[in-house]
Q: 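I am attaching a structure below and will ask some questions about it afterwards.
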Amino acid sequence: MQSISVSDIIVKKAAESRIDQVDFDKLVFGTVFTDHMFECDYINGHWQQPTIRPYGPLTISPAAKVFHYGQAVFEGMKAYKDDQGKVFLFRPDENFNRINKSSERLAIPEFPREYFFGALEELLRMDNDWIKPGLGNSLYIRPFVIASEIGVSASAANQYKFMIILSPAQAYYSGDVSVVIAEKYSRAADGGVGYAKAAGNYGAQFYPTRLAQEQGFQQVIWTDANSHQFLEEAGTMNVFFRVGDKLLTAPTNDRILDGVTRKSLITLAKDAGIDVEVRRVEVSEIVEAAQQGTLKEIFGAGTAAVVSPVKAFSYRGTKYDLPAQESSYAIRFKKALNDIQYNCAPDPYNWRYPIN
Ligand SMILES: *Cc1c(COP(=O)(O)O)cnc(C)c1O
């Protein structure tokens with residue numbers, strides 16, 4: 001792997017910033033992008049010249065393999081600004097390692113670490129004004145890789161495009177959601193791509209999610225594909241259950257995405273003295289806990305919303321409402337995580353990554 005420094009990235013600056021056209025109080029998540037983007041092509045067995053240039057459309061052949069065979073993976077991360085104007089990433093090593101893990105599963109070549117971090121640092125310096133301070137404000141970062149080789153023969157491409165685009169985001173309130181526990185459709189299977197952030201995992205979720213929405217629910221809690229007896233993920237988030245004062249979540253495996261938020265919440269909860277059980281969680285035990293009144297919370301965990309509390313779930317046609325919590329784990333650990341992310345609390349785990 002060639003080693004590069006930030007100075008090796010070719011930078012073409014936008015002639016004019018678009019920032020004045022953006023109303024930062026009325027952002028719709030993921031629809032507005034900053035002035036610059038990062039691009040690097042893989043050709044002839046090597047990642048070529050990394051480049052930052054003005055954000056804008058790509059020219060790409062309709063025969064590019066990504067359109068036909070779905071070789072595409074991505075990441076989702078955020079940059080945060082504190083009240084002194086310092087910018088931080090949160091555990092970006094995890095995202096770097098994960099995009100390469102996802103790529104490996106999709107037969108996409110590994111991306112060099114120096115390019116990834118060099119690109120992020122340079123982009124965040126250039127588009128620094130797009131990161132607004134204040135709790136809830138952030139810059140959503142979307143690295144992704146697509147197969148760009150031309151040809152509709154069904155084989156792994158030998159050309160790829162790695163990109164990073166940036167989107168300013170406000171606090172993301174999903175509201176309390178109602179969910180359906182999946183009995184027919186599955187998100188992932190043994191030996192499949194569930195652990196990868198593969199674009200196709202999302203594409204395949206939209207239809208069953210729409211069916212749930214037509215019944216008045218917002219999301220699906222996915223169960224294992226073999227027996228539908230074990231609870232695995234909530235929509236596109238990892239999922240936690242609080243029974244009594246114990247926190248339960250499934251172990252990661254090849255069907256479950258290894259979320260940064262999930263693992264951070266597990267650490268925070270354990271260190272706060274909470275009993276955390278990382279084990280298979282049965283649908284039947286959660287239904288029983290709901291019937292007995294010991295099920296106190298269900299929440300999704302992921303970068304976009306941090307936590308997303310569930311207010312009710314449906315299983316085999318019966319709806320179970322969760323009681324309102326005076327002292328919710330979801331709210332408590334969202335705050336603890338946010339305090340670290342926004343540099344409002346000490347960082348004993350070294351999770352913050354400052355951008356200088
Ligand atoms: C991205 C993602 C998550 C959350 O991961 P974070 O690293 O916490 O953002 C959980 N499940 C799925 C399926 C995902 O794609």
Side-chain angles (χ1 to χ4, degrees), residues 29-30 70 72-80 89-103 105-106 116 120 138-145 164 167 169 172 174 177 179 182 185-190 192-206 208-209 212 218-225 230-241 247 249-269 278 281 298-310 330 333-334 336-338 340-341 349 351-353:
F29 182 76
V73 300
F74 68 96
E75 266 306 319
M77 50 203 295
K78 281 179 173 177
Y80 309 88
L89 292 170
F90 182 73
R91 308 186 77 175
D93 272 314
E94 298 284 340
N95 302 93
F96 171 71
N97 292 332
R98 192 168 66 190
I99 199 166
N100 278 337
K101 219 172 135 189
S102 300
S103 288
R105 181 62 182 82
L106 275 287
F116 185 83
L120 283 176
S138 65
L139 189 66
Y140 185 79
I141 303 170
R142 170 52 61 90
F144 63 100
V145 200
I164 303 176
S167 177
Y172 187 97
S174 51
V177 299
V179 300
Y185 294 99
S186 303
R187 193 192 83 85
D190 290 339
V193 296
Y195 71 88
K197 250 179 142 62
N201 284 342
Y202 285 69
Q205 260 180 253
F206 296 151
T209 304
Q218 286 82 51
Q219 272 300 347
V220 176
I221 291 195
W222 303 104
T223 49
D224 70 294
F230 298 98
L231 295 153
E232 302 210 314
E233 295 217 52
T236 59
M237 305 176 102
N238 294 115
V239 64
F240 286 82
F241 303 87
L247 207 48
T249 194
T252 54
N253 56 31
D254 59 3
R255 300 183 307 272
I256 297 182
L257 193 116
D258 186 5
V260 182
T261 314
R262 171 187 173 280
K263 69 172 74 166
S264 304
L265 292 181
I266 291 173
T267 301
L268 290 175
V278 179
V281 182
I298 302 178
F299 54 91
T303 295
V306 187
V307 298
S308 176
V310 169
F333 291 112
K334 175 174 184 167
L337 204 56
N338 276 159
I340 296 176
Q341 289 165 334
Y349 313 102
W351 285 343
R352 280 194 294 263
Y353 180 101

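Values below: all heavy atoms of this structure, side chains included; hydrogens, waters and symmetry mates excluded. Start at 1 and go down the list; that is how both ligands and their atoms are numbered. Keep in mind that what you see is a predicted model, and the values were worked out from it rather than measured.
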Q: Checking the side chain of R352 only, and the main-chain atoms of I340 only, is there a donor and an acceptor separated by less than 3.5 Å?
A: yes

Q: Among K197, R98, K78, which one puts a heavy atom closest to atom 2 (C) of ligand 1?
A: K197

Q: Atoms of ligand 1 less than 4.0 Å from G259 heavy atoms?
A: 5 (O), 6 (P), 7 (O), 8 (O)

Q: Quick one: side chains of residues 234-241, donor-acceptor pairs under 3.5 Å with protein atoms, not counting sequence neighbours, listed by atom name and distance.
A:
from : atom 1 : to   : atom 2 : distance (Å)
N238 : OD1    : G259 : N      : 3.4
N238 : ND2    : E233 : OE1    : 3.4
N238 : ND2    : L257 : O      : 2.9

Q: Which of the numbered atoms in ligand 1 are under 4.0 angstrom from any heavy atom belonging to M237?
A: 10 (C), 11 (N)

Q: Need the ligand 1 atom indices (1-based, order shown) with element for anything under 4.0 Å from a heavy-atom of T236.
A: 2 (C), 3 (C), 10 (C), 11 (N), 12 (C), 14 (C)

Q: Tell me whether K78 contacts the main-chain N or O of A304 through its side chain, where contact means a donor paired with an acceptor under 3.5 Å.
A: yes

Q: Which residue and atom name correspond to the protein heavy atom nearest atom 9 (O) of ligand 1, and how close is it?
A: T303 OG1, 2.6 Å

Q: State the CD-OG1 distance between Q219 and T209, to the nearest 0.5 angstrom.
A: 5.5 Å

Q: For atom 15 (O) of ligand 1, what is the closest protein heavy atom, and at what distance to 0.1 Å?
A: Y202 OH, 2.2 Å

Q: So is R187 close enough to ligand 1, meaning a heavy atom under 4.0 angstrom away?
A: yes

Q: For atom 8 (O) of ligand 1, grab the closest protein heavy atom and report residue, atom and distance to one decimal in Å.
A: T261 OG1, 2.6 Å

Q: Near K263 NZ, under 6.0 Å, is it more than 12 heavy atoms from other residues, nucleotides or ligands?
A: yes

Q: Donor-acceptor check, side chain of R98 to backbone of D258, threshold 3.5 angstrom: yes or no?
A: yes

Q: Could you work out, with side chain to side chain contact (heavy atoms under 4.5 Å, CB included) as the rule, every residue matching N201, not counting sequence neighbours?
A: R187, V193, A198

Q: Consider every N or O of L257 and every N or O of ligand 1, then say whether any pair is closer than 3.5 Å.
A: no

Q: With a cut-off of 4.0 Å, which atoms of ligand 1 are near a heavy atom of E233?
A: 10 (C), 11 (N), 12 (C), 13 (C)

